[in-house]
Amino acid sequence: MLKPMKIALAVLACAAALVHAASAADRYPIDWSKLEPETIDHFSALLRIDTSNPPGDETKAVNYLKPILDRAGIATEVWSLDPARANLVARLKGNGSKRPLIIMGHTDVGGVQRDKWPVDPFAALRKDGFIWGRGSSDDKSHVVSCLMTMLLLKRMNVQLDRDVIFIAEAGEEGTSRFGIGYLVDQHWNDIAAEYALAEGGQTVSRNGQVLYVGIATTEKSPRATRLVAHGTAGHGSRPRQDNAVLHLADAVAKFSNWQPPMRLNDTTRAYFERLATISPPDEAFRYNHISDPAHTEEIQRHLAEHEPGNYSVLRTSIVPTIIQGGFRTNVIPSEAEATLDIRALPDEDMDRLYEQMRRIINDPTVEVVADPSRNRPAAPPSRIDSEMFQAFERTQKRMYPKAVTIPTMLTGATDNAQLRSKGVQAYGFGPISDESEGDLHGAHSDQERVLESSIHQMVQFLWYTVLDIAASR
Ligand SMILES: [Zn+2]
């Protein structure tokens with residue numbers, strides 16, 4: 001009589017093993033088409049809240065989000081440095097066996113020039129499969145994806161190994177002291193996490209097919225710097241050798257011929273390698289031979305001319321953006337000044353760079369002065385072999401089996417910089433945009449819009465990735 005019992009036990013054990021083997025995504029199935037109207041409602045409502053920064057007024061967005069989370073039974077906190085600029089932090093508890101995961105979007109948007117817009121930037125107009133509006137791409141797409149993911153985790157009663165923390169943060173557009181800066185300084189113990197998922201990545205499609213999922217693992221650090229030339233003031237009718245305007249012009253011009261040397265890191269090496277696998281042969285050749293001494297000069301020249309984004313990630317870049325000096329035609333000014341937008345590689349030694357720049361300028365009348373007012377902290381890139389990055393790759397294979405996941409280094413700056421500086425492995429993902437759209441309809445453009453379908457895919461992308469990394473097995 002033991003035998004049938006043993007078989008029964010074996011069958012039970014097998015069944016248990018099968019349940020365990022099934023991925024979390026299979027254990028918590030979602031009827032996506034049923035969810036779509038709710039997603040669009042929340043997205044449109046968020047777009048209609050004008051959170052142009054300045055002044056931001058992000059509390060208006062918090063006042064929209066908080067009751068939704070409260071009604072769902074999800075714990076929320078509102079923390080703010082300025083009551084008009086609140087941050088919302090919602091948390092679903094895990095069993096504590098793993099450290100928390102942050103999912104994050106910023107509620108403020110860049111300002112608009114209304115008369116340049118073909119549509120009302122705060123009407124959330126739906127047309128031809130697109131939703132238009134300031135923040136549709138940057139960054140209310142993340143806010144709504146995080147919101148929907150939290151609601152689904154709660155509704156499906158997902159058992160979690162780690163806390164999932166949703167941060168709807170203020171002030172990303174140039175005033176992070178109200179947002180991530182404040183949270184990291186004043187509430188770090190409440191939000192400390194192993195991983196964070198936020199803006200910065202880009203999912204790129206060609207003819208409606210997703211080509212690659214770009215995951216930002218690092219970014220260049222803004223290191224604004226001024227060149228200040230000093231001379232003797234005098235009458236414009238009498239040429240002077242120490243004319244500050246001339247010395248400044250010479251110094252600025254040096255950076256059209258000299259830039260810091262090329263230096264790849266794990267992210268940019270993998271970026272070019274993987275980009276090559278989905279590029280036409282001539283482009284693939286360039287991406288594969290970027291470090292080849294026989295070809296690098298020519299390839300860098302090509303990128304500088306045709307692919308400024310890909311050129312920028314090769315090195316710390318020095319770009320003059322403002323030049324000022326003088327006030328009257330007939331007065332030689334005693335001072336002239338230029339602003340350089342320096343974007344440093346994550347491990348750049350700025351003191352050494354300034355020394356190099358002084359040697360290149362080679363002019364004792366020109367000072368090189370750091371202007372740290374908009375700096376963000378530098379930190380090593382987040383890993384491309386982490387379980388988090390692997391989770392992104394699995395989600396990409398599930399949703400876009402023909403595509404590839406590519407790690408990227410942003411040339412711009414995001415709030416992930418502050419999280420990385422606290423040791424968080426922080427990653428950026430993003431909505432789908434078609435290659436053909438270029439920058440025309442992207443973040444900060446005056447025709448900002450996203451594909452409606454892209455928002456739904458973003459919700460799914462985040463959902464599958466969060467389940468993968470946070471759900472109990
Ligand atoms: Zn943004």
Side-chain angles (χ1 to χ4, degrees), residues 43 46-47 49-58 60-62 65 85-88 102-112 121-122 124 131-147 166-184 196-204 214-222 309 341 343 374-377 382 408-421 424 426-433 437 439-451 454-455 458-459 461-462:
F43 188 47
L46 286 164
L47 290 177
I49 301 170
D50 181 350
T51 47
S52 294
N53 182 9
D57 274 337
E58 295 92 336
K60 291 188 290 186
V62 169
L65 294 166
R85 313 205 62 179
N87 302 280
L88 178 73
I102 291 172
I103 56 177
M104 183 165 94
H106 63 86
T107 51
D108 61 326
V109 297
V112 295
F122 298 103
I131 303 187
W132 292 69
R134 171 57 88 227
S136 56
S137 161
D138 180 15
D139 188 36
K140 287 172 175 171
S141 50
H142 281 87
V143 176
V144 80
S145 303
C146 296
L147 172 68
F166 164 32
I167 304 180
E169 44 142 12
E172 195 279 338
E173 301 287 354
T175 48
S176 48
R177 67 191 189 92
F178 293 104
I180 199 67
Y182 166 74
L183 292 172
V184 163
L197 313 182
E199 68 175 337
Q202 198 187 13
T203 304
V204 176
I215 300 293
T217 61
T218 182
E219 57 194 47
K220 295 178 90 175
S221 303
D341 185 359
R343 299 291 172 138
R374 287 170 75 108
N375 281 8
R376 290 183 190 253
S382 299
T408 61
M409 177 168 75
L410 298 180
T411 58
T414 73
D415 283 352
N416 269 343
Q418 277 86 341
L419 292 175
R420 286 194 193 104
S421 76
V424 180
Y427 298 88
F429 69 107
I432 300 170
S433 62
E437 294 253 312
D439 292 337
L440 191 63
H441 298 288
H444 297 208
S445 77
D446 47 24
Q447 302 182 45
E448 190 177 346
R449 68 180 191 187
V450 289
L451 275 169
S454 158
I455 293 301
M458 220 173 137
V459 175
F461 190 88
L462 184 60

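In this text the structure is predicted, and so the values were computed from the model without any measurement. Note that ligands are numbered from 1 as they come in the structure, with each ligand's atoms numbered from 1 the same way.
Comment: Glu172 engages Arg376 in a salt bridge, judged by a side-chain N to carboxylate O separation of less than 4.0 angstrom.
Under the rule for a side chain to side chain donor-acceptor pair (under 3.5 Å), the partners of Thr414 that lie at least two apart in sequence or sit in another chain are Glu219.
Checked against the Zn ion (ligand 1), the N, O or S atom of Glu199 at the shortest distance is OE1. Closest N/O/S atom of His106 to the Zn ion (ligand 1): NE2.
At least one N/O/S atom of Asp138, from backbone or side chain, sits under 2.8 Å from the Zn ion (ligand 1). Taking backbone and side chain together, Glu173 holds no N, O or S atom under 2.8 Å from the Zn ion (ligand 1).
With contacts defined as side-chain heavy-atom distances shorter than 4.5 Å, the pair Pro54/Thr175 does not qualify.
Residue Phe166 holds its CZ atom at 5.0 Å from SG of Cys146, rounded to the nearest 0.5 Å.
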